[in-house]
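Chain letters run A, B, ... following the sequence lines, proteins first and then strands; every chain starts at 1.
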2 protein chains.
Amino acid sequence: MKDIARRAGVSESAVSFALNGRPGVSEVTRDRVRRVAEQLGWRPSTAARQLSGEGAATVGLVVARPADTLGVDSFFLQLISGIQEVLAERQLGLLFQVVEDVDAECAVYRRWWAEHRVDGVLVVDPRTDDPRPGLLEELGLTAVVVGGVPDARHPGLSTLWADDAGAMAAIVGQLYALGHRRIVHIAGLPGLAHTERRIRALRAEAERRALAEVRSVTTDYSDAEGAAVTRRVLTQETPPTALVYDNDVMALAGVAAATELGFSVPADVSVVAWEDSALCRMVKPWLSALSRDTPEFGRTAARELTSLLDGGPSRAVRVPVPRLIERESTGVVRRA
Amino acid sequence: MKDIARRAGVSESAVSFALNGRPGVSEVTRDRVRRVAEQLGWRPSTAARQLSGEGAATVGLVVARPADTLGVDSFFLQLISGIQEVLAERQLGLLFQVVEDVDAECAVYRRWWAEHRVDGVLVVDPRTDDPRPGLLEELGLTAVVVGGVPDARHPGLSTLWADDAGAMAAIVGQLYALGHRRIVHIAGLPGLAHTERRIRALRAEAERRALAEVRSVTTDYSDAEGAAVTRRVLTQETPPTALVYDNDVMALAGVAAATELGFSVPADVSVVAWEDSALCRMVKPWLSALSRDTPEFGRTAARELTSLLDGGPSRAVRVPVPRLIERESTGVVRRA
DNA sequence: TTCTTGCGCTCAAGCGCTTTAGTTCTGCGC
DNA sequence: GCGCAGAACTAAAGCGCTTGAGCGCAAGAA
């Protein structure tokens, strides 16, 4: 900036005013300064900016999952690429961290906060009894909870939520229409808020339709557990005729397991994946899946965060209900 | 720090010396200062640190791939989680960015450099005629090229490289031993250095063994192209008896395509995936795959970068040759 | 005793920006 | 001609940390 000031024949302050679009310099000076800056390839030092009161121009995202669970999931990278699109427009950086568990995640937030490393964070995988919203509000760290439910106890945070109950009702409705009465929901990690939400929604729907043989089983999202649970439920006396998996990976592993047991999909058992991805069209039969626009989800989350950073109000944004795409893995019940 | 200094009854400089383990304070003072700092929950402001000459305590990683290609690949998240392990020890942050192409990636490096946002970067997906090493050296940005080949033109960069040629030779050798003479290699993106390396290695191996009907076809790594190429080569007059896919996703899609065409795996055609992941054990038959320890790869890369940041010499590190894990998708050739 | 040495510490400058409080200058009304 | 407002610009402080120069003091050397 000193260079620019010298070359443009003005003071450093004038340069600052000019380059930041603040009043206090004439248009001709502003233009001149801008040209010089451009010519010198000047970019403000984020550190200096931050030190004099501006933000860090960075938002944080920490994912708390064991490394191996992370691998196959297409969700995160898709989400991140959506987030990036929005952040890139504003020249905001994304500080990304993978940790083992929620405690470590909280420690990261504390550290980031103390080091002034980020202006805000995106919280993913909200849980039941989640310590994170409370912590973030206590720290005063701007945050958006991605996939939570609006929580009146934390009015400072924004929330993005999907209507899991509606989606579950749609799935069950569709399976019901195809004649299915025995349904098992192979759910994800028990502590996660959306897992609990889906389980509750399934139970409600089962009661409404008076279906006795409908239940949920929680897993760790891995292909191994998906396959194991599938084998277990299909070898019981009266096996279910439909399986709903909480992610694509388990659905795939489930189909493989079912096939191995001699079950044909969808003739003997229908399969629905709660998460669509290329995986679902990579095996025969193609999997019927609940499709949501994950990059768009990320974009919305990032937009909500930038709006908060701009001083906008916190809000609860409802994202579109995912659509059930029927492919080849669902069909009418064949009488046993 | 001012607070700490006051409470400990010393000057700010003494605090700085004490907390950074520099000489200039007695052990008792150091301890006292440390205790006060701890009590106050003090953490240094990265911005201030950086402004006074220290680094940004951040390394950058930019991935240049279209969003949809990113999704299914398990490679990146695994790599990142390995990287993080090492970075976390040193309290280094990871600035992560997803962009569309290499030009955009270069722009990001320029910006990061000008803004002093990162101390170093990890470069992935090296290409033939890659502009990035040159740019990074010109900018003087510390960098490690992950998966490149050592390049004497850029002595400042460290390189992590795997012996693709050796791995390819092993695969072909194994397939040859099983009686395969017609092999198609469904490769990845044509511009990538390791794609070219594998293609060259295959050609060399074919010449060595005098195999006329061995060739490579490049793709975009997607399941769609993997399936399309599979269909194309299997419907030609004398179809290959073995297919080598450059990633797990294509291999999976390829098996599905082959099965649909009436080919049985491995009876009619053997399949090898160059990249192991849960996917390979998620479908029947289980895929024989080239397995490498991706998190360890990330750890090594990060270690190399931190060593460089500590002033260590740049070097070319060779990572272990991936191992071919034979599962169910490879077998002896059945006479047609 | 005086001089040196080194230890433990403080002072103050400086990193690259922003921002508040001036200062100078021009043009206007009276 | 004077006072005044407002525009255009400058000076300087300050953000939180590091660091080189300097200072007082006790211990050892001469």
Side-chain angles (χ1 to χ4, degrees), chain A residues 1-34 36-38 40-58 91-93 111-119 309, chain B residues 1-34 36-38 40-58 91-93 111-119 140 309 311:
Chain A
M1 268 184 68
K2 213 180 289 179
D3 283 356
I4 301 177
R6 187 148 25 80
R7 298 206 193 192
V10 291
S11 72
E12 273 188 68
S13 342
V15 174
S16 176
F17 292 146
L19 261 18
N20 291 312
R22 286 204 211 305
V25 289
S26 65
E27 276 313 307
V28 304
T29 310
R30 194 183 297 275
D31 271 1
R32 183 154 37 92
V33 170
R34 277 216 189 101
V36 176
E38 175 113 8
L40 262 53
W42 177 87
R43 306 243 71 204
S45 145
T46 37
R49 261 236 157 94
Q50 188 183 344
L51 203 51
S52 39
E54 307 285 285
T58 307
Q91 311 260 66
L92 289 171
R111 191 155 64 78
W112 281 353
W113 170 80
E115 293 177 350
H116 302 286
R117 254 177 178 285
V118 295
D119 299 329
L309 292 175
Chain B
M1 269 185 65
K2 213 180 292 179
D3 283 357
I4 301 178
R6 188 148 24 81
R7 299 205 193 193
V10 292
S11 72
E12 272 188 68
S13 339
V15 175
S16 176
F17 292 146
L19 262 17
N20 290 314
R22 283 201 216 304
V25 288
S26 65
E27 276 312 307
V28 304
T29 311
R30 194 185 297 277
D31 271 1
R32 184 154 36 91
V33 170
R34 278 219 188 98
V36 176
E38 175 115 5
L40 262 52
W42 177 88
R43 307 243 70 203
S45 146
T46 37
R49 260 232 157 98
Q50 188 182 344
L51 202 52
S52 38
E54 306 285 285
T58 307
Q91 311 260 64
L92 289 171
R111 192 154 65 77
W112 280 353
W113 171 80
E115 293 177 351
H116 303 285
R117 257 179 176 283
V118 296
D119 299 328
L309 291 175

>> If you apply the rule side chain to side chain contact (heavy atoms under 4.5 Å, CB included), what do you find for B:Val10 with B:Thr29, and how did you get there?
In response: CA-CA 8 Å; B:Val10 292; B:Thr29 311; 3.8 Å; yes

> Does the pair A:Gln50 and B:Gln50 meet the rule for a side chain to side chain contact (heavy atoms under 4.5 Å, CB included), with working shown?
Replying inline: CA-CA 11 Å; A:Gln50 188 183 344; B:Gln50 188 182 344; over 6 Å; no

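A:Met1 has its CE atom 12 Å from the P atom of D:dT10, to the nearest Å. In this structure, B:Glu27 atom CD and C:dG8 atom P are separated by 9 Å, rounded to whole Å. Atom C1' of nucleotide C:dC17 and atom CG of A:Asp3 are separated by 14 Å, given to the nearest angstrom. Between the CG atom of B:Asp31 and the C1' atom of C:dG8 there is a distance of 15 Å, given to the nearest Å. Regarding A:His116, its NE2 atom lies at a distance of 9 Å from the C1' atom of D:dG16, rounded to whole Å. In this structure, the CG atom of A:Leu19 is 13 Å from the P atom of C:dT19, given to the nearest Å. The NZ atom of A:Lys2 sits 9 Å away from the C1' atom of C:dC15 (whole-angstrom rounding). Going from atom CZ of A:Arg49 over to atom P of C:dC15 covers 19 Å, rounded to whole Å.
Between B:Ser52 and D:dG16 there is no side-chain N or O to OP1 or OP2 distance below 4.0 Å. Considering only side-chain N and O atoms, B:Arg22 lies nowhere under 4.0 angstrom from the phosphate OP1 or OP2 of D:dT18. Of the side-chain N and O atoms in A:Ser11, one or more sit less than 4.0 angstrom from OP1 or OP2 of D:dT10.
For the atom pair OG1 (B:Thr46) and CD (B:Glu54), the distance works out to 12.0 Å, reported to the nearest 0.5 Å. Atom CD1 in A:Ile4 sits 10.5 Å away from atom CD in A:Glu38 (nearest 0.5 Å).
Comparing C:dC15, C:dC9, C:dC17 by their closest approach to the side chain of B:Thr29 singles out C:dC9. Listed candidates were C:dT20, C:dT10, C:dG16. Nearest to the side chain of A:Phe17 is C:dT20. Set against C:dG16, C:dT10, C:dC15, the side chain of B:Ala14 has C:dT10 as its closest nucleotide.
In this structure, B:Gly24 reaches the bases: a heavy-atom distance under 4.0 Å links it to at least one base atom across the strands shown. Within the 4.0 angstrom heavy-atom criterion, base atoms lie near B:Ser16. Looking at heavy-atom distances under 4.0 Å, A:Glu12 makes contact with a base.
One can find a donor-acceptor pair under 3.5 Å joining the base of C:dC11 and the side-chain atoms of B:Ser13.
Of the residues near DNA chain C, A:Ser45 and B:Gly9, the one whose nearest nucleotide (by heavy atom distance) lies more toward the 5' end is B:Gly9.
In terms of modelled atom types and a separation under 3.5 Å, the side chain of A:Ser52 and the main chain of A:Ala48 share a donor-acceptor contact.
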